[in-house]
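For reference, the structure discussed in these notes is given below.
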Amino acid sequence: MDLQRIQEVLENAWAESTRESYGTGLLIYHVFCDRKVISEQQRAPASPILIASFIATIAGAYSGKSISNYVYGVRAWHILHGVNWNVDDAEITTLLKAAEKATPASSKCKKRTSYTPDFISAIRSKLDLNNPLHAAIYACLTTSFYSAARLGEFTVRRLDAFNPAIHVKLVFKGPVLGLEKDRNQTGLDRKKTGPAVRSFDF
């Protein structure tokens, strides 16, 4: 059997951003185990009491969402390496809810002002669309807004992070029969939850 190939395929079950978050969770899990003097043999497969202790220990230090990602990162590592995950989902869900309530105020984001056409118009008034950067920002903003897409689907974290296999790109440009104006179409080859093709017309 090609175990390496199986692992490579399994890794694709999680989006790159999810794997990054899970990687952070594994690091925190191992730091926790080091401080509690938990042996390597006891870390995997992790016992229900160990995972419960992990959640209880970091609750109040991180946001509930982060703790949830960290726990599911440990779970993903078990799955990826064929190690049994012997933790009761109901118990974990309850503990994670408790951890959410213990989220420190510093980790809670204030509600942001909603984007509205008037808000976008106010931004537009400050932009010079003859400037390529301003034009790109405005195009990204309006396309995301009017296609009801997540902003993260139309942007990348770094200039060198663009991947044509997963990020939005122009897939069609030109006249469409029956329409007076040209139509542009952008496409996404996949979603965070799995491979899928989505298109956005504008």
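Each residue takes its place number in the sequence, starting with 1.
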Among the clusters formed by ILVMFWY side chains lying less than 4.5 Å apart, do I67 and V31 turn up in the same one?
-> no
Looking only at non-hydrogen atoms, find the nearest pair between L129 and R124 and report the distance.
-> CD1-NE, 3.3 Å
Given the rule that I, L, V, M, F, W and Y join up when any side-chain heavy atoms are under 4.5 Å apart, are Y29 and L27 in one cluster?
-> no
Indicate if I120 and I137 have the same hydrophobic cluster label, given that clusters are the connected sets of ILVMFWY residues with side-chain heavy-atom separations under 4.5 angstrom.
-> no
Taking only Lys NZ, Arg NE, NH1 and NH2, and the carboxylate oxygens of Asp or Glu, determine whether R43 and D34 approach each other closer than 4.0 Å.
-> yes
What one should report as the nearest heavy-atom pair of Y22 and G73 is CG-CA, 3.3 Å
Under the ring pair (Phe, Tyr, Trp, His ring centres under 6.0 Å) rule, collect the residues that match up with F32, sequence neighbours excluded.
-> F54
Is there a side-chain contact between I55 and I92 (heavy atoms, below 4.5 Å)?
-> yes
Taking the six-membered ring for Trp, are the ring centroids of Y62 and Y70 within less than 6.0 Å of each other?
-> yes
Would you check if there is a donor-acceptor pair between the side chains of S66 and S63 at a distance under 3.5 Å?
-> yes
Going by atom types alone, do S39 and Q42 pair a side-chain donor with an acceptor below 3.5 Å?
-> yes
L133 backbone acceptor or donor facing N131 side chain under 3.5 Å | yes
For the side chain of H134 and the backbone of L127, is there at least one donor-acceptor N/O pair under 3.5 Å apart?
-> no
Closest heavy-atom contact between G64 and T103?
-> N-OG1, 2.8 Å
Does any non-hydrogen side-chain atom of P117 lie less than 4.5 Å from one of F145?
-> yes
Side chain of T94, backbone of A90: donor and acceptor closer than 3.5 Å?
-> yes
L50 side, atom CG; T57 side, atom OG1 - distance, nearest 0.5 Å | 9.0 Å
